[in-house]
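Numbering of residues begins at 1 and proceeds along the displayed sequence.
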Amino acid sequence: MKLITILIADDEQEIADLIELHLRKEGYQCIKAADGQEALQAVQYHTIDLAILDIMMPKMDGYEVTQRIREQHQFPIIFLSAKTSDLDKITGLVRGADDYMTKPFNPMELVARVNAQLRRAMQFSQPASKQQSMIEAGGLVILPEQRSVTLYGDPIELTPKEFDILYLLASYPKKVFSAENIFQQVWGDAYFESSNTVMVHIRGLRKKLKDDVNKNKLIKTVWGVGYTFNA
């Protein structure tokens with residue numbers, strides 16, 4: 001059975017050791033990095049299944065590490081940072097992270113989020129079912145098996161979670177999904193007061209789909225209820 005390998009990148013050794021202790025209890029293999037460059041080297045030389053990244057690291061910050069990782073890999077990334085403002089969280093999610101926790105943190109909650117992200121990643125790594133077919137709407141083409149999206153023939157680069165949200169909404173046109181429902185289905189876990197997380201990803205989707213400037217929006221907000229795909 002393949003061991004799941006988790007990268008822990010944090011320049012505070014005590015924090016990295018604490019995270020490693022709890023993850024090893026869950027049966028995970030851990031690789032630690034003390035700065036951004038070490039983190040990228042670990043990704044280059046090891047098969048990483050999930051990364052936990054600090055933002056303020058020496059040599060290269062977590063934002064740039066995430067950007068470099070996303071050029072070639074789609075494994076889940078969780079930011080664990082002392083930066084606590086909403087803007088910091090939004091920036092982290094927009095840059096390609098799948099989740100964001102602030103320090104100080106509860107190690108058991110971090111483990112729960114790691115488990116949730118891995119469950120979701122493994123679900124989408126399985127062969128696509130027969131029900132997963134191409135979706136076309138208003139110049140938008142979604143190919144679930146390739147996890148690719150084009151708009152009027154131009155490729156749209158989405159983060160893994162942005163793709164999952166778009167595919168969920170487009171699979172049920174006109175159905176209204178609440179933020180809580182989207183979080184539970186896309187993140188595959190209990191709702192961690194994350195309506196803001198869903199909103200950030202929807203905002204990123206709209207920008208990439210040019211919904212923020214088009215009158216005929218593909219993703220519509222039903223005020224007080226949630227979001228729906230406008231086919």
#### Entry: Criterion salt bridge (charged side-chain N to carboxylate O under 4.0 Å, His left out) on Arg119 and Asp49, from CA distance to verdict
CA-CA 11 Å; Arg119 282 198 304 270; Asp49 297 288; over 6 Å; no
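- Note on Tyr172 and Ile165: same hydrophobic cluster, where clusters join Ile, Leu, Val, Met, Phe, Trp and Tyr whose side-chain heavy atoms are under 4.5 Å apart, directly or indirectly.
- The two atoms that bring Pro107 and Leu18 nearest to each other are CG-CD2, 4.0 Å, heavy atoms only.
- Leu118 and Val43 are not part of a single hydrophobic cluster, where members link through side-chain heavy atoms under 4.5 Å apart.
- The local environment of CD in Gln13 is sparse, with at most 12 non-hydrogen atoms from other residues, nucleotides or ligands closer than 6.0 Å.
- Between Lys103 and Asp10 a salt bridge is recorded (basic side-chain N to carboxylate O distance below 4.0 Å).
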Using atom types as modelled, flag every donor-acceptor pair under 3.5 Å from a side chain in residues 73-81 to any protein atom, sequence neighbours excluded.
from, atom 1, to, atom 2, distance (Å)
Ser81, OG, Lys83, N, 2.9

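- There is no side-chain donor-acceptor pair under 3.5 Å between Tyr227 and Asn181.
- Interatomic distance, CG of Leu218 versus CG of Leu151, reported as 7.0 Å (0.5 Å rounding).
- Between Tyr28 and Leu50 the shortest side-chain heavy-atom distance does not fall below 4.5 Å.
- Across Leu23 and Cys30, no two heavy atoms sit closer than the pair CB-SG, 3.7 Å.
- Note that CZ of Arg206 and NZ of Lys208 are 15.0 Å apart. Values are rounded to the nearest 0.5 Å.
- Summarising the geometry, atom CD1 belonging to Ile31 is positioned 11.5 Å from atom CD belonging to Glu38; distances are rounded to the nearest 0.5 Å.
- By the 6.0 Å contact criterion, CD on Gln67 is open, its count of non-hydrogen atoms from other residues, nucleotides or ligands being 12 or less.
- Transitive grouping of hydrophobic side chains (ILVMFWY, heavy atoms separated by less than 4.5 Å) keeps Leu7 and Ile52 in distinct clusters.
- A donor-acceptor pair is defined here as one N or O able to donate and one able to accept, closer than 3.5 Å; no such pair exists between the side chain of Asp54 and the backbone of Met57.
- For Arg95, the salt bridge (charged side-chain N to carboxylate O under 4.0 Å, His left out) test picks out no residue, with sequence neighbours left out.
- Both Ile219 and Val186 are members of a single hydrophobic cluster when ILVMFWY side chains are connected at heavy-atom separations under 4.5 Å.
- There is a side-chain donor-acceptor pair under 3.5 Å between Ser85 and Asp88.
- Between Glu136 and Ile142 the shortest side-chain heavy-atom distance does not fall below 4.5 Å.
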### Query
Please walk me through it: do Ile48 and Ile69 pass side-chain contact (heavy atoms from CB on, under 4.5 Å)?
CA-CA 11 Å; Ile48 303 298; Ile69 289 174; over 6 Å; no
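- Across Leu205 and Glu162, no two heavy atoms sit closer than the pair CD1-O, 3.6 Å.
- Side-chain atoms of Val141 and Met134, non-hydrogen and from C-beta on, do get closer than 4.5 Å to each other.
- Taking each heavy atom of Ala179 and Val198 in turn, the nearest pair found is O-CG2, 3.5 Å.
- There is no path of hydrophobic side-chain contacts, each under 4.5 Å, that joins Ile55 to Leu110.
- Considering only heavy atoms from C-beta on, Leu166 comes within 4.5 Å of Leu140 through its side chain.
- Under a 4.0 Å N-O distance rule, the pair Arg147/Asp164 qualifies as a salt bridge.
- Partners of Asp11 under the side-chain hydrogen bond (donor to acceptor under 3.5 Å, both in side chains) rule, at least two apart in sequence or in another chain, do not exist in this structure.
- Proximity of a side-chain donor or acceptor of Asp61 to a complementary backbone N or O of Met56 within less than 3.5 Å is not detected.
- Contact between Phe163 and Pro144 at its shortest, heavy atoms only, is CZ-CA, 3.9 Å.
- Heavy atoms only, all atoms of each residue included: Ala39 and Val65 are closest at CB-CG1, 4.2 Å.
- By the 6.0 Å contact criterion, CD on Glu71 is enclosed, its count of non-hydrogen atoms from other residues, nucleotides or ligands being greater than 12.
- Panel note: side chain Thr228, backbone Lys175; a donor-acceptor pair is recorded below 3.5 Å.
- Interatomic distance, Met199 CE to Arg203 CZ, rounded to the nearest 0.5 Å: 4.5 Å.
- Note that NZ of Lys89 is 5.5 Å distant from OG1 of Thr102, once rounded to the nearest 0.5 Å.
- To the nearest 0.5 Å, atom NE2 of residue His201 and atom CG of residue Leu93 are 5.0 Å apart.
- Ion pair Glu20/Lys32 flagged as a salt bridge, since at least one NZ, NE, NH1 or NH2 atom sits closer than 4.0 Å to an Asp/Glu carboxylate oxygen.
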